[in-house]
Structure formats: C-alpha cells, structure tokens
Amino acid sequence: MTSDRSKAGARRRPQRHLPLQVLVGFLVVYFLVPFWWVIVNSSKDAPGLFGGGNTLWFAERIDYFGNLEQLFTYDNGIYGRWILNSTLYALAGGVGATVLAVMAGYGFAKYRFAARRFSFSLVLGALMVPATALVIPTFMMFSEFGLTNTIWAVILPSLLNPFGVYLMHVYARDAVPDEILDAARADGAGEIRTFLQVAFPLMRPAVVTVLLLSAVASWNNYFLPLAMLSDNRLFPVTVGLGLWQGIASANNAGSTSLWSLIIMGALVSVIPLVIAFFTLQRHWRGGLSVGGLR
C-alpha cells in the first residue's frame with residue numbers, strides 16, 4: 001500500500017510543477033531571443049540586414065571578422081576608446097561604490113551612534129528615488145564646479161549606491177556575529193584590524209555581489225553620461241552606440257552602413273558583462289540569497 005502511494009505521489013509531483021516549468025521556459029526564450037538576434041545579425045552586412053531574409057537566422061554571407069575589423073577602425077577607432085571609457089567608468093564606479101557601501105553597511109549594522117535610525121531611513125528613502133530623476137539636479141550642481149564634460153561627472157555620481165548599502169547592512173547584521181567581533185576586540189585587535197581580518201572575510205560574498213551590480217550599472221549607464229558629456233571621446237559605449245544610431249537613422253554615414261557596426265558593437269559590449277556574471281555567479285547568488293535565508 002505504501003509503495004502504491006509513493007508511486008502515485010511521484011506521478012502527481014511533475015504535473016504540479018508543470019505550470020512553473022512552462023513559465024520558466026517562456027522566460028528563458030523571452031530573454032534569449034534578443035541576444036540570439038544580436039549574435040545572428042552581427043554577422044551580416046548591409047544587404048544581409050535589409051535583404052528581406054530571416055532576421056533570426058544567418059544570411060548566406062557570414063562576416064564576423066569583417067564587421068569586427070570595420071567596427072574598430074571606423075572613425076579612427078573611436079569605438080575602442082568608448083570601450084576603454086566604459087571600462088574606466090565601470091571599474092572606478094564599481095570599486096568606489098563597493099568600498100563606500102561596505103563601510104556604510106557595516107557601520108549601520110555593527111555600531112550604535114546618534115541619528116543612526118534617521119540616517120538609515122534616508123538610505124532607504126534614497127532607494128525609492130529613480131536615478132534618472134537626479135540627473136538634472138546633479139548636472140546643475142556639477143556645472144557650478146566646472147566638472148561637466150569630464151570623467152568625474154560620470155564617476156562621482158556612480159559612487160552612491162543606496163541598494164548596496166542596504167544589502168551590506170543586511171548581510172553584515174546576519175553573517176557577522178557580534179560575539180566574534182567582541183572576541184577579536186578582547187584579544188587586542190583594533191577596529192580596523194577586526195574589520196579587515198574578521199568581518200570582511202565573512203562578508204566577501206556580499207562584497208562581490210555589490211561590486212558586480214555596481215559595475216554592471218555603471219557599464220550600462222546611459223542617461224547620466226548623455227547629460228554630462230559633450231565630447232564624444234569621453235562617451236561610454238552606450239552613448240557612443242546611441243550617437244551612431246542617430247547618425248544611421250538620419251542616413252548621414254555616407255557609404256558606410258552603420259547598422260552593421262551598431263549591432264556588432266552591441267554584441268562586443270555585452271561580452272564583458274557575460275564573462276563577469278559567469279565568473280562571479282557563485283558569489284553573486286550567495287550574496288543575494290542571504291537576506292532570505294537568515
């Protein structure tokens with residue numbers, strides 16, 4: 001009798017999860033189709049793009065290397081400069097935002113000081129404000145100091161990451177026991193040594209998570225550098241491809257088909273993010289899930 005019930009339960013269990021599996025499969029297809037479209041169409045030249053063929057399959061002529069060479073040589077190789085700019089903004093903004101978020105989150109979690117609740121409430125309130133709503137006030141403030149059209153106009157606003165502070169606060173509160181910190185202090189360790197040698201190793205998954213999310217946000221940032229920068233040599237790759245798209249839409253590129261370069265440029269700009277996610281996904285999952293497990 002028990003064996004029959006277990007077999008019946010095993011038969012019913014897959015059916016119970018079938019709607020969830022269908023939903024997950026739909027979401028996978030939904031997110032992968034645009035990426036597949038970029039991979040396919042970055043291999044096409046202008047006749048292949050506008051020849052009326054299947055947009056989700058390759059044309060007769062596949063020319064990845066030709067499009068890639070033209071991408072990095074067009075307009076004196078300006079695309080390579082845009083990639084370097086995005087790398088600088090992502091590294092500086094990601095590392096800086098992570099350092100500030102780690103220090104602020106650890107401080108809110110493990111220290112008691114005046115106006116602590118009020119200050120943390122301001123951080124939570126900042127989470128509710130869309131980043132795009134702050135671009136114009138930030139531009140006006142930076143213009144007063146003469147920092148517009150410089151790399152600092154993109155890097156400095158990227159250092160503020162309220163979500164990173166909140167995530168580090170939750171993680172440090174639950175993953176770093178107060179007893180361990182008290183034991184380190186009792187052994188004569190100062191606050192800096194206690195943080196670096198005791199707390200920081202326990203917080204490493206959340207640190208990697210905040211670093212990854214901050215770097216990706218800086219890499220994908222579009223509206224802030226669009227408002228702050230006017231020199232195309234300082235553009236990140238997002239704004240640079242937007243500039244090319246405007247030129248291509250106005251048909252001002254002469255004999256060069258910019259659409260092939262735009263699609264190839266979009267594919268190249270995604271590759272660093274894919275590598276980063278696959279490399280750090282173990283730490284990334286662990287950092288995001290700690291709040292639900294503790």
Please evaluate residues Phe108 and Ser119 with respect to the criterion side chain to side chain contact (heavy atoms under 4.5 Å, CB included), reporting the C-alpha separation (whole Å), side-chain torsions for both, the decisive distance (0.1 Å), and the verdict. CA-CA 9 Å; Phe108 280 125; Ser119 300; 3.8 Å; yes
Decide if atom [atom1] of [X] counts as having more than 12 heavy atoms of other residues, nucleotides or ligands within a radius under 6.0 Å.
| X | atom1 | answer |
| --- | --- | --- |
| Arg185 | CZ | yes |
| Phe145 | CZ | no |
| Phe113 | CZ | yes |
| Phe120 | CZ | yes |
| Ile192 | CD1 | no |
| Glu191 | CD | yes |

Given Trp259 and Ile262, is the side chain to side chain contact (heavy atoms under 4.5 Å, CB included) satisfied, shown in steps? CA-CA 5 Å; Trp259 291 112; Ile262 292 171; 4.0 Å; yes
Quick one: [atom1] on [X] to [atom2] on [Y], what's the gap to the nearest 0.5 Å?
| X | Y | atom1 | atom2 | answer |
| --- | --- | --- | --- | --- |
| Asp63 | Met264 | CG | CE | 8.0 Å |
| Leu71 | Leu267 | CG | CG | 10.0 Å |
| Leu212 | Thr98 | CG | OG1 | 9.5 Å |
| Ser218 | Asn161 | OG | CG | 8.5 Å |
| Ser42 | Leu49 | OG | CG | 9.5 Å |
| Asp75 | Leu258 | CG | CG | 9.5 Å |

I'd like to know if Asp178 and Lys110 make a salt bridge, using a cut-off of under 4.0 Å between side-chain N and carboxylate O.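 Salt bridge: yes.
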Counting only N and O atoms by type, is there a donor-acceptor contact under 3.5 Å from the side chain of [X] to the main-chain atoms of [Y]?
| X | Y | value |
| --- | --- | --- |
| Ser86 | Val237 | yes |
| Arg61 | Lys44 | no |
| Asn85 | Phe235 | yes |
| Asn149 | Ser230 | yes |
| Trp82 | Asn232 | yes |
| Asp231 | Arg233 | yes |
| Trp219 | Thr238 | no |
| Tyr64 | Ile39 | yes |

Could you tell me which non-hydrogen atom of [X] sits nearest to which non-hydrogen atom of [Y], and how far apart they are?
| X | Y | answer |
| --- | --- | --- |
| Ala189 | Arg193 | CB-CD, 4.1 Å |
| Ala104 | Val165 | CB-CG1, 3.9 Å |
| Leu147 | Ala153 | O-CB, 3.3 Å |
| Ile263 | Asn41 | CG2-C, 3.8 Å |
| Leu181 | Val198 | CD2-CG1, 4.2 Å |
| Val270 | Phe35 | CG1-CE1, 3.8 Å |

Does [X] belong to the same Ile/Leu/Val/Met/Phe/Trp/Tyr cluster as [Y], with side-chain heavy atoms less than 4.5 Å apart forming each link?
| X | Y | value |
| --- | --- | --- |
| Ile78 | Leu84 | no |
| Leu234 | Leu156 | yes |
| Phe278 | Val208 | yes |
| Leu88 | Tyr79 | yes |
| Leu124 | Leu213 | yes |

For a quick test of your reading: what N or O donor-acceptor pairs under 3.5 Å do the side chains of residues 51-59 make, sequence neighbours left out?
{"from": "Asn54", "atom 1": "OD1", "to": "Leu56", "atom 2": "N", "distance (Å)": "3.0"}

Answer whether the closest heavy-atom distance between the side chains of [X] and [Y] falls below 4.5 Å.
| X | Y | result |
| --- | --- | --- |
| Ile180 | Val176 | no |
| Leu224 | Asn221 | yes |
| Gln21 | Val24 | no |
| Pro236 | Leu229 | yes |

Pairing residues for Tyr166 by the ring pair (Phe, Tyr, Trp, His ring centres under 6.0 Å) criterion, not counting sequence neighbours: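 In terms of ring pair (Phe, Tyr, Trp, His ring centres under 6.0 Å), with neighbours along the sequence ignored, Tyr166 is linked to no residue.
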Step by step, work out the side chain to side chain contact (heavy atoms under 4.5 Å, CB included) result for Ser214 and Phe163. CA-CA 10 Å; Ser214 300; Phe163 176 75; over 6 Å; no
Please report the C-alpha distance between Phe26 and Val22 in whole Å, then the side-chain angles of each, then the deciding distance to 0.1 Å, and finally whether the side chain to side chain contact (heavy atoms under 4.5 Å, CB included) criterion is met. CA-CA 6 Å; Phe26 172 78; Val22 172; 5.6 Å; no
Hey, would you say the Trp244 and Tyr74 ring centroids sit under 6.0 Å apart?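 Ring-ring flag for Trp244/Tyr74: true, centres closer than 6.0 Å.
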